[in-house]
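First the structure, in the form of structure tokens, and then the observations on it.
Just so it is clear: chains get the letters A, B, ... in the order the sequence lines come, proteins before strands, and each one is counted from 1. Hydrogens, waters and symmetry mates are skipped; everything else that's a heavy atom, side chains included, is used.
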Amino acid sequence: MNMIQAINSAMDVMMARDSGVVVMGEDVGYFGGVFRATAGLQAKYGKTRVFDTPITECGIIGVAVGMGAYGLRPVPEIQFADYIYPALDQLVSEAARMRYRSAGEFIAPITVRSPFGGGIFGGQTHSQSPEGIFTHVSGLKTVIPSTPYDAKGLLIAAIEDNDPTIFFEPKRIYNGPFHGHYDRPASTWAGHPGGEVPEGYYRIPLGKAAVVREGSDVTILCYGAMVHVVASTIEELGNVDAEIVDLRTLLPLDIETIEASVKKTGRCMIVHEATRTAGFGAELAALVQERCFYHLEAPIERVTGFDTPYPHSLEWAYFPGPVRIGEALKKVMKV
Amino acid sequence: MTVERDRSNLPPLSLHVPEPRFRPGDTVDFGEIEVPPAGAQRRPDTADKASSFHELAYTMVRVLDEDHRAVGPWDPKLDPDTLRKMLRSMALVRAFDERMFRAQRQGKTSFYMKSTGEEAVSVGAASALAYDDMCFPSYRQQGILLTRGWSLVDMMNQIYSNKGDRLQGRQLPIMYSVKDASFFSISGNLTTQYPQAVGWAMASAAKGDSRIAATWCGEGSTAEGDFHSALTFATVYRAPVIFNVVNNQWAISSFSGFAGAEATTFAARAIGYGIAGIRVDGNDILAVYAATQWAAERARTNQGPTLIEHFTYRVEGHSTSDDPTQYRSAGEPTAWPMGDPVVRLKNHLIALGEWDEERHAAQDLELAEEVKRSQKEAEKNGILGHGMHQPFETMFEGVFEETPWHLKEQCQQMLDEQKAAGL
């Protein structure tokens, strides 16, 4: 399966298991979504469980919160993560705090799916990585898969979870792993171990990172499409034995895996596509510094997107690809 | 190439900035407000199309006339016991407000909001709805809880954020949440409850339930995007929901003109959405009851949503943190042409021969005593800032269903700090 099919399969499995699961969003019904992630679900589960919505993100999330309060388990789709901002108040002030402010009387068991990230010539309105905004909010979980297998298992766990979850899907790798070079096509998921996805139910617990490559020189913390960019860069360079940690869930964060890895390798690099300042990499760097300082042999390096809006024609200069990662590795290994 | 045009002979544009009719020191004359006679408006069948009674969004449905009689097709024809019950609930809201306002002034809590003059809006609606219809209130509908017979002590515990507060001292006073009384958790962010009520109503409809949802916001916050998203969703899916806009004329110090009241009514917002819109005299509890009952029947028979504008007046300040003497004429509350909702129902019952001034005075005394007794009871659990609060660890509970490591660490840090400080 590719990642779209895996995500579709996760919703299919959960809708079959739990009649409270409803899928809603712009174009998700009859058409099956602009990325086809919800294809076939309306035909299978009916219009009252899979339906198109008006184009109002605050409405979509607000309605989902109300449905959650009733006892359903809504899975709203925001068509592109760039359009999640109109829904911010419902996510941040409402969904995130519903359990806390009502002392558990009302909960918001919603899973907000949204394609995010760049590298598809989507310009500034179809490319952003806003995960850092949500990790800053108390009460939200933030999940980002890097393979179809993870996407399905994590999405099932997110839908089953009783807390509101932001599920960001790296659209650059919907159809196959991505190696970071603009002039090379993405390969397909066929043959990739992460592309082998069981048909039925399985879950990957939220808050557990995956060590996708063991190594002894440096720990590289990354997630989403960057996992593949980092892995191919390490393979291309061939001279660094890096341990690659795919965080999978940014919040709750698997601090144990991070700490154990950095203490083992003595070096740490953080790679994400989102803008740099106050990005999630800053939090990771601070945590590693607090917990592993006496084990570090070099300053922590951050490789990120730049602090500019996403530039359409220059997106490959913006994107943290193998060149930028390679330069940062030189710095972190030199000391 | 751009075309140069000489605009020198065009008159300059001007910007209209609304201004309320009266400021402090002004003499109030509400003569401009059109108050149609009670009983004058038709009552459409609840199955009628919303487009067939647009005039109801521009006029005002009134039941109680100048002689304290209930007249016209909207008279809900309630029995005297129900009327007395509603009178008692309104009087209880007023007594509760008085006591809690004073408690705030005595430093026993941080904040309070009275609903003086608007008691009919919440009591009338709650009386017409079923107990298990879900209410998504704003911050001035405590009358719903009191009408539903909810414990005064429980509400006061919340206001004091004390160790008896079911919300564990996490919410600003008056931001109740009472799932058992079908009363949704109140948010301070305006009108966020509107799409939530629609979502709840949609879920109820999708599940083939028979319960409906109702929600309230002030006229000022109809300007919020959530208001318009909610109305769009509601009309698209014909959600069984009642939208209540409490037009109490003032959003803190901004008069209703800043939400668009100079150009149209708030009930008329419904028309553009194809939703049933109706404007009622919000100080006439029989009109509020009748409109709610009518809207509920529409919702329950899959005729979709209704928007009710309650035309009323906020007699007191916005909250204990507000001083209305600084921005509006002191004469407004007494000059308000729709009268006092409690007095109007009382006079109606007296006119029916079902009530008298002595019984009313006795009831007021009894309610004041009940509120006082409840206050004493609640204060046994503590008042704000006097140490009888929830255990410190509860601060970290319930952010998530299971507490993650970083919150556990921060909790331990707090406990260690307090130990080190000898607390």
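Crowding of Glu393(B) atom CD: a count of heavy atoms from other residues, nucleotides or ligands under 6.0 Å exceeding 12. In this structure, Ile55(A) places its CD1 atom where only 12 or fewer heavy-atom neighbours from other residues, nucleotides or ligands lie under 6.0 Å away. The local environment of NZ in Lys264(A) is crowded, with over 12 non-hydrogen atoms from other residues, nucleotides or ligands closer than 6.0 Å. Within 6.0 Å of NZ on Lys263(A) lie more than 12 heavy atoms contributed by other residues, nucleotides or ligands. A 6.0 Å sphere centred on NE2 of His406(B) holds more than 12 heavy atoms belonging to other residues, nucleotides or ligands. The number of heavy atoms from other shown groups lying within 6.0 Å of OH (Tyr202(A)) is above 12.
Proximity to chain A (any heavy atom under 4.5 Å) is shown, for Leu407(B), by neither the backbone nor the side chain. Both the backbone and the side chain of Ala69(A) come within contact range of chain B, judged by heavy atoms closer than 4.5 Å. Neither the backbone nor the side chain of His228(B) comes within contact range of chain A; no heavy atom of the residue lies under 4.5 Å from a heavy atom of that chain. Of the two parts of Glu409(B), only the side chain, counted from C-beta on, holds a non-hydrogen atom closer than 4.5 Å to a non-hydrogen atom of chain A. With a threshold of 4.5 angstrom between heavy atoms, Val236(B) approaches chain A through side-chain atoms but not through N, CA, C or O. For Tyr237(B), the part sitting under 4.5 Å from any heavy atom of chain A is the side chain, from C-beta outward, and nothing else. Interface remark: Asn162(A) contributes backbone and side-chain atoms alike to the contact with chain B (heavy atom separation under 4.5 Å).
Pairing each heavy atom of Trp405(B) with each of Leu253(A), the nearest pair is NE1-O, 2.6 Å. When all heavy atoms of Arg99(A) and Arg170(B) are compared, the pair lying nearest together is O-NH1, 4.4 Å. When all heavy atoms of Phe233(B) and Thr56(A) are compared, the closest pair comes out as CE1-CG2, 3.6 Å. Looking at every heavy atom in both residues, Asn189(B) comes nearest to Glu94(A) through CB-OE2, 4.0 Å.
Of all the listed residues (Ala197(B), Pro404(B), Ser204(B)), the one sharing the greatest number of non-hydrogen pairs under 4.5 Å with chain A is Ser204(B). When each of Arg166(B), Met175(B), Gln193(B) is checked for heavy-atom pairs under 4.5 Å with chain A, Arg166(B) comes out on top. The greatest number of non-hydrogen atom pairs below 4.5 Å with chain A, out of Gln168(B), Glu401(B), Glu402(B), is found for Glu401(B). Taking chain B as the reference chain and counting heavy-atom pairs below 4.5 Å, the highest number among Cys58(A), Pro252(A), Pro54(A), Ser102(A) is found for Pro54(A). For the options Ile255(A), Val65(A), Leu72(A), heavy-atom pairs under 4.5 Å to chain B are most numerous at Ile255(A). Contact tally against chain A (heavy-atom pairs below 4.5 Å) for Pro195(B), Ala239(B), Ser229(B): the top residue is Pro195(B). Interface check for chain A: of the options Val198(B), Thr192(B), Val178(B), the most heavy-atom pairs under 4.5 Å are formed by Thr192(B). Annotation: maximal heavy-atom pairing with chain B below 4.5 Å, among Glu256(A), Met24(A), Lys141(A), occurs at Lys141(A). By number of non-hydrogen pairs under 4.5 angstrom with chain B, the leading residue of Ile107(A), Leu251(A), Ile61(A), Asp161(A) is Leu251(A).
Checking Gln196(B) against Gln90(A) by side-chain atom types alone, a donor-acceptor pair falls below 3.5 Å. Between Thr48(A) and Lys207(B), the side chains place no donor N or O within less than 3.5 Å of an acceptor N or O (distance only, hydrogens not considered).
Using bins of under 30°, 30° to 60° and over 60° for the plane-to-plane angle, the ring pair Trp200(B)/Tyr70(A) lands in the perpendicular bin.
We find the CD-CG distance between Glu105(A) and Leu167(B) to be 6.5 Å, quoted to the nearest 0.5 Å. Remark: Thr53(A) OG1 to Met202(B) CE distance equals 9.0 Å, nearest 0.5 Å. Remark: Gln171(B) CD to Arg97(A) CZ distance equals 9.0 Å, nearest 0.5 Å. For the atom pair OG of Ser138(A) and CZ of Phe400(B), the computed distance is 7.5 Å after rounding to the nearest 0.5 Å. Of the inter-residue distances, the one linking Phe106(A) atom CZ with Phe183(B) atom CZ reads 9.5 Å to the nearest 0.5 angstrom.
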Next on the checklist: One pair to check against side-chain contact (heavy atoms from CB on, under 4.5 Å): Ser187(B) and Arg101(A). What are the steps and the verdict?
Outcome noted: CA-CA 9 Å; Ser187(B) 179; Arg101(A) 84 177 195 211; 3.6 Å; yes
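Formation of a donor-acceptor pair under 3.5 Å by the Tyr100(A) side chain with backbone atoms of Met395(B) is found in this model.
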